[in-house]
Protein chains: 2
Amino acid sequence: MVKEGDRQTEEKIFKAATDVFEEKGFAAARMQEIADRAGINKSLLHYYFRSKEQLFGAVFPPLVMKMFEKIFSIFMLDVPFEEKIRMYYDEHINIFIKNPNLPIFILNEVAHNPDLLKKFSYEDFYSRMRNNVFQMHSSEFKKIGIEGKDMPQLMISVVSLAIFPFIARDMVQMFVPQFKENKAFIAFMQERKTFAADFVLSAMKNFKK
Amino acid sequence: MVKEGDRQTEEKIFKAATDVFEEKGFAAARMQEIADRAGINKSLLHYYFRSKEQLFGAVFPPLVMKMFEKIFSIFMLDVPFEEKIRMYYDEHINIFIKNPNLPIFILNEVAHNPDLLKKFSYEDFYSRMRNNVFQMHSSEFKKIGIEGKDMPQLMISVVSLAIFPFIARDMVQMFVPQFKENKAFIAFMQERKTFAADFVLSAMKNFKK
DNA sequence: GTCTATAGAAGGATAGAC
DNA sequence: GTCTATCCTTCTATAGAC
């Protein structure tokens, strides 16, 4: 029978590991720091998760889900495209305001180890989403000259506008020094919800003219 | 007097270090691997560049310049905005096709050590660029309702569309499996030069209607 | 300037007591 | 299940011969 303390400790480790990996990245993360933040010692880490790799393997997938499930769920909704776009920017930017280094962390880890994505099988989401989005709005899209082959360019553009500012935050801060204040940067991203939606919808309106 | 061999060796080290850091990132890069690729041994690395940090410090700034000087030089040109946008996507995407992991590398390193940007003083580029771009095109912009305060949102959007696909390449490959073939991904990015330009220009055309 | 050999430090992992 | 002590490997860095 599992003691109550077990789950608690495992939970503390999991939380600490999530934070440290997300902040530092896999290569720079230290088991010592994870142990410290969890309020235990290194040995106990290895008792619960045999190795650094295993610990990372436990922590990583939920973070990927946190990053992507909103995209999927929103784009699969059966609502008008404009509403979908506005919902997407609202909710996804909210997630990144709460987890500002989630995107750079995930994308950097994946870039150095593409196998990390193998767990998330292609059929699960991606093809379904791409096809459904186009079919749902095909009549809207046809009017403005957007075809199935344009979908990748379009979808990637939509997502770019939400995620990139968080990835390039330090560069953005050089460009606009006020954003060194966290408050100001967040205000900028709040404003971006409507800016990005307007931008995309406006672009699509007369794209093929 | 400096021997000829010196510069050659230093150059080989510099090149090897650039490659390894760019591929692996600072934390995961190994001095041994740099030495191997340079065709020398570890001791000689330390003879030329006292420490890993110093070597990195020598290698990093030129890479930042490679990433950004095109943005600056093109946006400072005195040509119509549309031409500027098309030139920008053409040239910047070309750079990333040749250096696909430059963006994720730089942005990840900077995110974990913001001091890396201190060498690139704010006054050098950023404020000049932001102001000049707006003033150059203020009459064009005024017609379509774009104001000075919109500039950060606009500029960041423009850059997002070029850089993000390279940062998120593995995700993009899940979304469009064909892009696992390098040829197909590059074709996609070639096509993106005009897609992104059309997208931005179309968005701006009736942004405030 | 370049090498071999080795020191020294750090970090991941395990043994064993409680 | 948790701790202390310690091992082992990896990596950075230096000493010293040529």
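In what follows, every chain begins at residue 1, and chains take the letters A, B, ... in the order their sequences are listed.
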Discussion item. Check this for me: B:K66, atom NZ, are more than 12 non-hydrogen atoms of other residues, nucleotides or ligands nearer than 6.0 Å?
Written reply: no
Worksheet item: Which whole-number value in Å describes the distance from B:D36 CG to D:dT12 P?
Response: 12 Å
Worksheet item: Under the side chain to side chain donor-acceptor pair (under 3.5 Å) test, which residues partner B:E11, sequence neighbours left out?
Response: none
Item to complete: Mind telling me whether A:F179 and A:F185 have parallel, tilted or perpendicular rings, with 30° and 60° as the class edges?
Response: perpendicular
Discussion item. Base contacts versus sugar-phosphate-only contacts with protein, heavy atoms under 4.0 Å: please encode nucleotides 13-18 of chain D as B, S and - from 5' to 3'.
Written reply: BBB---
Fill in: Interatomic distance, B:I13 CD1 vs C:dG1 C1' [rounded to whole Å]
10 Å
Discussion item. On the six-membered ring of A:F26, is A:K52 placed so that its NZ or CZ lies under 6.0 angstrom from the centre and within 45° of the ring axis?
Written reply: yes
Practice prompt. Taking the six-membered ring for Trp and the full ring for Phe, Tyr or His, determine whether the centres of A:F56 and A:F21 are under 6.0 Å apart.
Written response: yes
Worksheet entry | Between P of C:dG1 and CG of B:D6, the distance in whole Å | 4 Å
Fill in: N or O in side chain of A:N41 less than 4.0 angstrom from D:dT4 OP1/OP2
yes
Discussion item. Distance check needed: C:dG11 P versus A:F21 CZ, whole Å only.
Written reply: 14 Å
Practice prompt. Return the value, rounded to whole Å, for the distance between atom CG of A:L44 and atom P of D:dT2.
Written response: 5 Å
Discussion item. Five pairs per end, C1' atoms only: what is the angle between the end axes of the helix from C:dG1-D:dC18 to C:dC18-D:dG1, to 10 degrees?
Written reply: 10°
Discussion item. Check this for me: does any side-chain nitrogen of one of A:E91 and A:K193 sit under 4.0 Å from a carboxylate oxygen of the other?
Written reply: no
Worksheet item: Taking for each residue the nucleotide of DNA chain C with the nearest heavy atom, is it B:I40 or A:F26 whose nucleotide lies nearer the 5' end?
Response: B:I40
Worksheet item: Side-chain N or O of B:T9 less than 4.0 angstrom from OP1 or OP2 on C:dG1?
Response: no
Fill in: Nearest-angstrom distance from the residue atom NZ of B:K12 to C1' of C:dT2
11 Å
Worksheet item: When the ring centroid of A:F166 is compared with that of A:F96, is the distance short of 6.0 Å?
Response: yes
Practice prompt. Kindly say whether B:A27 contributes a backbone atom to a donor-acceptor pair with the side chain of B:H112 at under 3.5 angstrom?
Written response: no
Worksheet item: Between A:L55 (CG) and C:dA13 (C1'), how many Å, whole number?
Response: 13 Å
Discussion item. Students often get this wrong, so: under 4.0 angstrom with heavy atoms, is A:A29 touching a base, only sugar-phosphate, or nothing?
Written reply: sugar-phosphate
Item to complete: Measure from CZ on B:R30 to P on C:dA9 and round the result to the nearest Å.
Response: 19 Å
Practice prompt. Measure from the ring center of B:F195 to the ring center of B:Y89 and say whether it is less than 6.0 Å.
Written response: no
